[in-house]
Amino acid sequence: MATVYTACRLAVQLVNRIPQVAAVIAVALLECRCLARMGTRKKVQAFVRVKPTDDFAHEMIKYGDDNKSIDIHLKKDSRRGVVNNQQTDWSFKLDGVLHDASQDLVYETVARDAVSQALDGYNGTIMCYGQTGAGKTYTMTGATENYKHRGILPRALQQVFKMIEERPTHAITVRVSYLEIYNENLFDLLSTLPYVGPSVTPMTIVENPQGVFIKGLSVHLTSQEEDAFSLLFEGETNRIIASHTMNKNSSRSHCIFTIYMEAHSRTLSDEKYITSKINLVDLAGSERLGKTGSEGRVLKEATYINKSLSFLEQAIIALGDQKRDHIPFRQCKLTHALKDSLGGNCNMVLVTNIYGEAAQLEETLSSLRFASRMKLVTTEPAINEKYDAERMVKNLEKELALLKQELAIHDSLANRTLVNYDPMDEIQIAEINSQVRRYLEGTLDEIDIINLRQIQEVFNQFRVVLSQQEQEVESALRRKYTLIDKNDFAAISAVQKAGLVDAEGHLVGEPDGQSFGLGVAPFSIKPGKKSRSKKTLKDQLRPSTPPSKPVAFEDFKNERGSEINRIFKENKSILNERRKRASETTQRINVIKREIDVTKDALNFQKSLREKQGEYENKGLMIIDEEEFLLILKLKDLKTQYRNEYQELRDLRAEIQYCQRLVDQCRHRLLLEFDIWYNESFVIPEDVQAALKQGSSIRPGMVPVNRIVSLGEDDQDRFSQLQQTVLPEGPDSISFYNAKVKTEQKHNYMKTMVGLQQSHRKQSHQ
Ligand code: ADP
Ligand code: MG
C-alpha cells in the first residue's frame, strides 16, 4: 500500500512538473527572468581631485584634517563697498580629497571596490565632472601613451580580467561599448570596428524591463585584456579624429565607456547567472560658457552642455530628495542613457575635478556644489540575478527522467507492470474515448484507474463526448424544427407575420402540429378560450419593445401556460411528497435494522449462557427458556417489518424516478411553450411572404428550406430513384440532376405559397 502511495505521489510530482517545464520554456521565449536581490541603502561616494599646480591658492582652499572636507574662502569684493552680504566662506563634506594623488592611488580610492563588486553582479557608475582642463579625461582615460599614467578605464579592464582569472568556477564574458553624446546626438566610438549585430541609424535609447540600452550601439565581446585595450584605443582615436573632421570640440562631449559582464556558473546544475555593467563616464566641461558671449557653434555647444549638465543636476537633486518619486531622466540623452546607472541599484562614484588656482575659484565652487548634491543621493545596490532558461529546462528534463525511473521501480515493487507515464498517443486516446462512450451507454460498468494521466484523459474524453452529443442533439433539432435565433427579432417577426407560425406555435399547414413540440403533444389551451380571438387581442396590445423574459414568464404562467404550469406544480408536489415518504421509510428501516442487531446480540448472549450452563433436551427437542423464546419471536417480527418497509421503499423509489421524469418533461415543455409564446406575442411580425420571394433578403436558416421548399414525400422517393439511376452515369449527370432539383423545388415553392395564402384567407374569414 505504502509503495502504491509513493508511486502515486511521484506521479503527482511528475504531472505537477509538466506545467513548470512549459513555464520555463515560456520564460525562455520571453528572454530571461530578472531578479534583483536587494541590498542596503548606500550613499553615493563623491571625491574631489585637485589638479596639480605651482600656483595653488593656499589662502582660499583648505582641506580638513581627515582629508574629507574642503573649505573655500573668498576675499570680500572691495568694489562692492563696505556693506555687502556676499557670502565668502563655504565648506564641503566629501568622501575624500585627492590632492597630488597618483593615478594608482586615485584608482584604489575611487574605482577598485565598484569594479570588484561589478563582478559579483552589482552595476557600477563612475563619473568625472568638472570644468574643461581640470583633469576629467586624465582621471578617466589617463595618458594613453604612458602606462604609468593610465587612468581608471584601462585599470578597470585590467582588474576585470585579473578577477576572471581568479574565478575558474565561473564562465564570465566581457563586452564593451563606447558612446559619445555631442550636441544631443549619439555617436558610436567603436563603429569603425567590424561588428555583427543590428546596425540602427540613428541610434536610439530604448528602455525595457531589463534596463536601458542604446539601440544601434555596437557592443564588442572581448576575451582578453589586450583586446579590451585595443577597443579603448580605437575609441579614443575615433574621438580625436571626429573632433578634427567634424570640427567637434572633444571637451564638449560626454563619453560613456561601458563594460558589460555576464557570469555563469561552470556547473550545469546552477541555473542562476548574474549580469552587471560598469559605466565609466567622462562628462563635458561644466564651465558656464554661455556667459562669456560665445556665438554660433560655440554657443550651440554651450547650450547643449549646459542643458544636459543641468538636467543631470536636476536628476541628481530629484534622486537626492526622498519625497520625489519621479526623476526627470528623459529630458536629455545623457540622463536618459544613464537612467539605470544613476541612483537605483548601482554603486555610484563621482570624481569632481577642480583647479587649485584662484582664478578658477568660481567654477571650482560650482563643481563642489554639484559634488555635495551628489552626496545626498542614496542608492540600493543589488545583484542582477537571472535565470538561464535553457539550463533550467535541461535540469528539469533530467529530474523528470529520474522521477520516471523511480516511478518504474516503485511500480515493479508493487507488481504494477507496464504502466506507461508517457503522454498518450492517438490510439490510447481513442481507446479511452470508446471506454467513456461505453460507460455512458451502460455497456461498461467502470473504467479502471491506471494513472493520473489516464484519469485526466478520461475527463477530457467526457468533455469531448458531451460536446459531440450537444451538437448531435442540436442538429437533430435543426433537421426537425424551425430553429430561429431568439435574439433575432427580425427573423422571428418575419416568420410570424407570414403566418408560418400560428398562435399554437405550429407551423401553418401542419395538420397535427406535432413537429413543433419536442415529440410531446402540442399544448392545448383551456376549453372555452378561442385561440383566434386571443391572437387578435394580443396583437392589439402588443408593446413596441418586448418585456423582459422573467416578467413575461410570470404572465405566461398565468395565461397560456397556466394549464401546463398547474400540471408541473402538481407533479412536483407529488414528487416531493414521495421523496418525503421515502426518507421517512429509510429512517424507519434504519431503526428496525438497529433493533435487529440489538436483538441478535441479546439472543447470542442468551445462547452462550445456555451453552455454558448446560442444555436441556426433551425427546430430541432443545428446551430454551422464555426469555430466549421471546427474543426469537421478536427477531422474526422485526425481520418481517424490515422486509415490508424495504419493499415499500423500493416501490417509492420507482415512483420517485417516474415522477422526476414527469417533472423534467413538464419543465422542458413549459419553457419551450414559453419561448414560442414570447416570440409570438412580442415580436412584431413582418410580411414574410414578400421576404420569401426569390432574390429577397431572407437568409438561410431563418426559415428552414426543407419546410418551405422541400420535396413532398412522393417527390422525395422519385428523387432518390432518379439519383440512383442518373448518378452511375458519371459526373456529367450532376448538372442534369441539379437542374431537375431546382425545377422541382421551384414547383414546390409555388405550391407552398398557394397553400399559405389559402390558409391565411381561410383564417381571416373565420
Ligand atoms: P578635462 O578632460 O577635464 O578637460 P584633461 O584631463 O584633458 O582635462 O586635462 C587637461 C590637461 O591637464 C591634460 O594635458 C592632462 O594631462 C593634464 N592633467 C590633468 N590632471 C592632471 C594630473 N592630475 N596630473 C598631471 N596632469 C594632469
Ligand atoms: Mg576631457
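Both ligands and their constituent atoms are indexed starting at 1 by order of listing.
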When you look for protein heavy atoms under 4.0 Å from ligand 1, which residues do they belong to? Arg49, Lys51, Pro52, Gln131, Thr132, Gly133, Ala134, Gly135, Lys136, Thr137, Tyr138

Where do Leu94 and Ala371 come nearest, in terms of heavy atoms and distance? CD2-CB, 3.8 Å

Does Arg373 have any salt bridge (Lys or Arg N to Asp or Glu O under 4.0 Å) partners at least two apart in sequence or in another chain, and if so, which? Glu313

Salt bridge (Lys or Arg N to Asp or Glu O under 4.0 Å) partners of Arg330, counting only residues at least two apart: Glu207

Tyr182 backbone acceptor or donor facing Ser253 side chain under 3.5 Å: no

For Ser191, what residues pass the side chain to side chain donor-acceptor pair (under 3.5 Å) criterion, not counting sequence neighbours? none

Would the number of heavy atoms belonging to other residues, nucleotides or ligands and lying under 6.0 Å from NZ of Lys62 be above 12? yes

Is the Mg ion (ligand 2) less than 2.8 Å from at least one N/O/S atom of Thr137? yes

